[in-house]
Asks: 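My questions all concern the structure below.
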Protein chains: 2
Amino acid sequence: MPKAKISRPQIIQASLQTLASCQSLDQFSMRKVATALHIDASTIYWYFESKQAILQAMADEIAAQISFPDASLAWQTQLTQLFSTIFDVYTTHSHAAELMIATIPSSEVRLTLMNHIIGILVSAGFSEEQGSLALSTIDFFLTGLVMDLSKERQFRTAINNKQAAYLHDQVTQIHQITHDEHLIHMQNSVNNRNSQSAKQQFEAGLKLILKGLLAEKNVDLN
Amino acid sequence: MPKAKISRPQIIQASLQTLASCQSLDQFSMRKVATALHIDASTIYWYFESKQAILQAMADEIAAQISFPDASLAWQTQLTQLFSTIFDVYTTHSHAAELMIATIPSSEVRLTLMNHIIGILVSAGFSEEQGSLALSTIDFFLTGLVMDLSKERQFRTAINNKQAAYLHDQVTQIHQITHDEHLIHMQNSVNNRNSQSAKQQFEAGLKLILKGLLAEKNVDLN
DNA sequence: ACCTGAACACCGTTCAAGT
DNA sequence: ACCTGAACACCGTTCAAGT
């Protein structure tokens, strides 16, 4: 074989597929991507300076799929719609949340997205401070929730895998302890978690934060 | 040398010290802990079944340092005090937030802590659902914020380390792009970030969520 | 009961050498 | 300009063997 005609976008694409077939972000490796592309691992280093650079590119690729809502809508509606899209994008690509956390929002796509979200709030009359605070609050809440989801998925497939078996044990321990120690609120929390879909949970949390914002706004008007 | 007289607590202690001297959680390794204890890496496996088990134990050790506030105080005061303590504990141990995220809250310490927080809210008249939602919202917000902090610390020490140098470049890129693309809200966000201490930022975010809770409560009373 | 050494199956990254 | 092979310095984990 003479040349493998590799390109940056091709590597990113293969990386996303490879990640999807991994059980967690730290199982993702350069060597696996290289194998998928039928090239040597060292070849990747001609296109990307490091593994971190690939992670950044993957995160950007995912972030690029997030579309902005109609700017003429009410700010609450805009935020609800936008974060609903982000939730869907994050849950479509497995480990997307881990990727976002492992990575710095230094690209135009991600910075523009963040800028847009703060912009919605500033246009609605909030201060820049309130806007960026609300953004990070919602974003971290969403990221944390989606990460927990993917951890749950991980131990549900705890059949042959040893690491997953350990996680599975930890979860049964949660039930054990909450029961033995009569941690009734935790028991309710687990039950509540199972009765509600993840998206419903996210929407409820988002609503809570939006209510807090609204309360701040009303105070300002006085 | 005959015996090295090792114990579980000793390993946990050495692990926390080793982690503190690492620039990130994934630089933390069994072999480094073993070297610190002057034992072979394989010895650790007599006391802990896996690296994950050590991470869990480390997280529990840190979580155990969190003390509960006086239960007779108002719920807002209790939450503010408690999360202030958590913030301090998280920032005292470097990479504590990463540890909490990489780990499952399956121990008695952590479950009791979570149960207590929901309990504060339920005692204040909130539903179990609202309580557990508020807990995860605040917790994820706090964790995300502290993690960003430690990433910043990481690239500030970007002298000889190559990985840190890359992160440093990413940050200058943030300034570059926000300037070139006229992302004014992001510019303000960065400035705001620098003018406020991390703890002030957290307190502002917590206040926002508490306001949202209060608004929900008032609606319920109608 | 406790600890080691060697080994296995992996990593990210570099770099001289090839085409 | 693009790609490889071998090497370096690491990983987590296992397990026969030692005391």
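Below, read A as the first sequence line, B as the second, and so on, with proteins coming before strands; counting in each chain starts at 1.
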Asks: Shortest non-hydrogen contact from Met186(A) to Ile118(B)?
Replies: SD-CD1, 4.2 Å
Asks: Using a heavy-atom cut-off of under 4.0 Å over every strand shown, decide if Phe48(A) touches base, sugar-phosphate, or nothing.
Replies: nothing
Asks: Please identify which of these residues, Met58(B), His95(B), Gln23(B), meets the side chain to side chain contact (heavy atoms under 4.5 Å, CB included) condition with Phe28(B).
Replies: Met58(B)
Asks: Please give, in whole Å, the distance from dT13(D) P to Tyr47(B) OH?
Replies: 18 Å
Asks: Just by distance, do the side chain of Gln56(B) and the backbone of Thr103(B) share a donor-acceptor pair under 3.5 Å?
Replies: no
Asks: In whole Å, what is the span from the OH atom of Tyr166(A) to the P atom of dG12(D)?
Replies: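 Going from OH in Tyr166(A) over to P in dG12(D) covers 15 Å.
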Asks: Under 4.0 Å between any heavy atoms, over every strand shown, what does Ser42(B) touch: base, sugar-phosphate, or nothing? Just pick one.
Replies: base
Asks: Output the rounded distance in Å from CZ (Phe28(B)) to P (dC11(C)).
Replies: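 About 21 Å, once rounded to whole Å.
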Asks: Can you tell me the distance, in whole Å, between the CD atom of Gln10(B) and the C1' atom of dC3(C)?
Replies: 14 Å
Asks: Which nucleotide sits closest to the side chain of Met30(A): dG12(C), dT4(D), dT4(C)?
Replies: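 In terms of side-chain proximity for Met30(A), the closest of dG12(C), dT4(D), dT4(C) is dG12(C).
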Asks: Tell me whether the OP1 or OP2 atom of dT4(D) has a side-chain N or O from Thr43(A) closer than 4.0 Å.
Replies: yes
Asks: Taking the side chain of Ser29(A) as its heavy atoms from C-beta onward, which of dC2(D), dG12(D), dC11(C) lies nearest to it?
Replies: dC11(C)
Asks: Using whole Å, report how far NZ of Lys51(B) lies from P of dT13(D).
Replies: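 So the NZ-P distance, Lys51(B) to dT13(D), works out to 8 Å.
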Asks: Determine whether a donor-acceptor pair (N or O, by modelled atom type, separation under 3.5 Å) exists between the side chain of Gln170(B) and the backbone of Ser106(A).
Replies: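 No: the side chain of Gln170(B) does not pair with the backbone of Ser106(A).
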Asks: Which sits closer to the 5' end of DNA chain D, Arg31(A) or Trp46(A), going by the nucleotide each is nearest to?
Replies: Trp46(A)
Asks: Starting at atom CD of Glu49(B), determine the distance to atom C1' of dT14(D), rounded to an integer number of angstrom.
Replies: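 After rounding, the gap between these two atoms is 14 Å.
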Asks: Calculate the interatomic distance between Ile44(A) atom CD1 and dC11(C) atom C1'; express it in whole Å.
Replies: 13 Å
Asks: Between dA9(D) and dC10(C), how far apart are the C1' atoms? Round to whole Å, please.
Replies: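 dC10(C) and dA9(D) have their C1' atoms separated by 13 Å.
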Asks: Within this structure, what is the CD1-to-P distance between Ile11(B) and dC2(C), rounded to whole angstrom?
Replies: 11 Å
Asks: Among side-chain atoms of Lys199(A) and Ser84(A), is any donor-acceptor pair under 3.5 angstrom?
Replies: yes
Asks: dT4(C) phosphate, OP1 or OP2: any side-chain N/O from Tyr45(B) under 4.0 angstrom?
Replies: no
Asks: If you check every side-chain atom of Asp40(A), which of dT4(D), dT13(D), dC11(C) has the closest atom?
Replies: dT4(D)
Asks: Who does dT14(D) pair with, Watson-Crick or G-U, both distances under 3.5 Å?
Replies: dA6(C)
